[in-house]
Amino acid sequence: MTTRFPDTFLWGGAIAANQVEGAWQEEGKGLSTSDLQPEGIFGKRVERKPGDFSIKDVAIDFYHRYPQDIKLFAEMGFTVLRISIAWTRIFPQGDESQPNEAGLAFYDRLFAEMAKYNIAPMVTLSHYEMPYGLIKNYGGWGNRKTIGFFEHYARTVFQRYKDRVKYWLTFNEINMSLHAPFTGVGLPEESDKQAVYQAIHHQLVASARAVKACHEIVPNGKIGNMLLGGLLYPLSCRPADMLETLQKNREWLFFGDVQVRGYYPAYMKRFFKEQGITLAIDAEDKIDLREPVDYISFSYYMTGCATAKENQDRLRGNILDMVPNPHLPASEWGWQIDPQGLRLLMNTLYDRYEKPLFIVENGLGALDKQEACGSINDHYRIAYLNDHLVQVREAIEDGVEVWGYTSWGPIDLVSASKAQLSKRYGFIYVDRDDDGNGTLERKRKKSFYWYQEVIKSQGESLK
Ligand code: BG6
């Protein structure tokens with residue numbers, strides 16, 4: 001078995017605007033859904049009053065400190081960096097016809113900095129945030145008009161960055177709307193399934209339109225979808241558990257099925273009928289949907305189990321709740337650790353779609369301790385990432401085509417589900433605590449040097 005990853009394999013990390021940038025009201029940025037969720041994506045939505053604290057307002061101040069951070073990523077050897085554009089920097093309310101030039105200029109500067117070090121940008125158009133104006137004035141993705149606003153935004157950024165950015169993604173973890181409707185589709189948390197699936201339909205059409213626009217505008221551009229890879233195992237081999245697992249996995253695979261195949265899968269007809277859901281789907285929507293993504297990207301943190309038994313204990317990951325697997329250990333936040341699950345997931349997706357994959361999130365959120373001398377010995381993170389990357393290599397041996405790997409949070413950032421900075425993912429430590437105290441100084445952890453070696457050796461240093 002070969003120990004080296006393919007020479008073309010891209011290595012890097014992934015961050016999201018609302019979890020790193022801060023500068024929440026600078027240079028014309030509008031209010032986003034994330035600005036209204038100081039407690040994280042499941043937290044209560046609040047009206048912001050002057051002086052109210054949200055850790056995200058400054059986050060890790062990437063907006064001002066990006067040159068230094070990009071330099072550190074380059075030092076690790078990154079060849080790709082996944083970022084997201086804050087939609088509200090470009091269209092503060094969401095429905096403007098003209099973009100905010102200051103917002104566009106910020107990303108020009110960021111991409112220019114990355115180009116200095118030959119780091120290829122990968123850009124998510126919408127990562128857990130959208131303009132609040134679109135919710136207040138239009139009802140978010142519940143309104144068909146939002147498709148047009150999103151398409152306008154997508155076309156604007158494709159035009160502006162077409163020479164700099166070749167890898168694009170539409171919606172981060174598009175399947176999470178089923179579990180956090182405000183974050184995903186801008187609907188009230190208590191919305192019924194009819195409303196949520198209608199909003200999801202609009203978002204799927206918008207995603208397909210963005211794929212089309214990218215193909216028209218960006219020379220050699222590649223655009224993918226982004227799934228939360230929530231693979232479930234049957235809790236037992238009882239047929240009822242097997243069937244439940246099939247159904248539960250379809251809940252998230254449904255999104256990939258539409259985005260890759262270009263139409264709704266047959267199994268959804270029965271589901272919609274049984275749930276009393278009737279979707280308004282235009283003839284034009286059906287045509288729009290027929291624009292498949294070029295590659296499939298996904299996040300992977302954990303697996304879980306499914307069972308037909310009622311009242312089984314459940315475990316909450318960042319989005320999904322799952323039945324715990326008795327054979328797996330868990331992180332300090334209770335997320336079960338399953339490196340082999342990554343190989344299984346990659347094979348599942350590749351068998352199903354036969355499209356290239358990109359692993360755009362994977363990592364361990366942990367409490368890091370500074371030693372008396374100031375060093376951070378995050379051996380647990382090294383072990384986690386090593387074991388997952390070994391499974392990526394196995395999947396490549398299995399024949400799966402994978403373009404690259406961006407670990408989640410290469411620099412400490414604000415957790416999406418908990419809005420904590422103490423849940424750290426980084427190779428780079430950021431001096432800031434959950435209450436906002438700290439100098440924001442950056443420091444290399446032990447894992448920094450480990451990842452540097454992995455990249456340099458093209459995976460050969462993995463154990
Ligand atoms: C993914 C999200 O769900 O998981 C990221 O795309 C998020 O935005 C990551 O940060 C890890 O989750 P958390 O809650 O630990 O930040």
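Both counts, for ligands and for their atoms, begin at 1 and track the order of listing. Heavy-atom basis, side chains included; hydrogens, waters and symmetry copies ignored.
- Judged by the 6.0 Å distance and 45° axis criteria, R444 is not positioned over the aromatic ring of Y429.
- Two rings, from F78 and F73, have their centers less than 6.0 Å apart.
- Here's the thing with S299: none of its N/O atoms is less than 3.5 angstrom from an N/O atom of ligand 1.
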Evaluation steps, side-chain hydrogen bond (donor to acceptor under 3.5 Å, both in side chains), between H327 and D338: CA-CA 9 Å; H327 306 289; D338 180 11; over 6 Å; no
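- Within the 4.5 Å cutoff, the side chain of L413 has heavy atoms near those of the W408 side chain.
- Atoms of ligand 1 found under 4.0 Å from any heavy atom of E361, numbered from 1 in the order shown, are 1 (C), 2 (C), 4 (O), 5 (C), 6 (O), 9 (C).
- S191 is linked by a side chain to side chain donor-acceptor pair (under 3.5 Å) to nothing, counting only residues two or more places apart in sequence or in another chain.
- For W335, every heavy-atom contact with ligand 1 shorter than 4.0 Å involves the side chain, none the backbone.
- With sequence neighbours left out, the ring-ring contact (aromatic ring centres under 6.0 Å, His included) criterion links Y405 to no other residue.
- Looking at ligand 1, you won't find any N or O of L228 less than 3.5 Å from one of its N or O atoms.
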Full working for ring pair (Phe, Tyr, Trp, His ring centres under 6.0 Å) between H388 and Y384: CA-CA 6 Å; H388 282 76; Y384 178 101; 4.0 Å; yes
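- Compare W408, W333, Y425 by their heavy atoms: the one nearest to atom 15 (O) of ligand 1 is in Y425.
- At least one heavy atom of H127 sits closer than 4.0 Å to an atom of ligand 1.
- Heavy-atom proximity to Y301, at under 4.0 Å, picks out these atoms of ligand 1: 1 (C), 4 (O), 9 (C), 11 (C).
- When each atom of ligand 1 is checked for a heavy atom of K423 under 4.0 Å away, the hits are 13 (P), 15 (O).
- For ligand 1, the atoms closer than 4.0 angstrom to any heavy atom of E173 are 1 (C), 2 (C), 3 (O), 6 (O).
- Outside the 6.0 Å centre-distance limit, the rings of H179 and F42 are not counted as a close aromatic pair.
- Atoms of ligand 1 lying under 4.0 Å from at least one heavy atom of S415, given by number and element, are 13 (P), 14 (O), 15 (O), 16 (O).
- With a 4.0 Å heavy-atom cut-off, ligand 1 is reached by no atom of V414.
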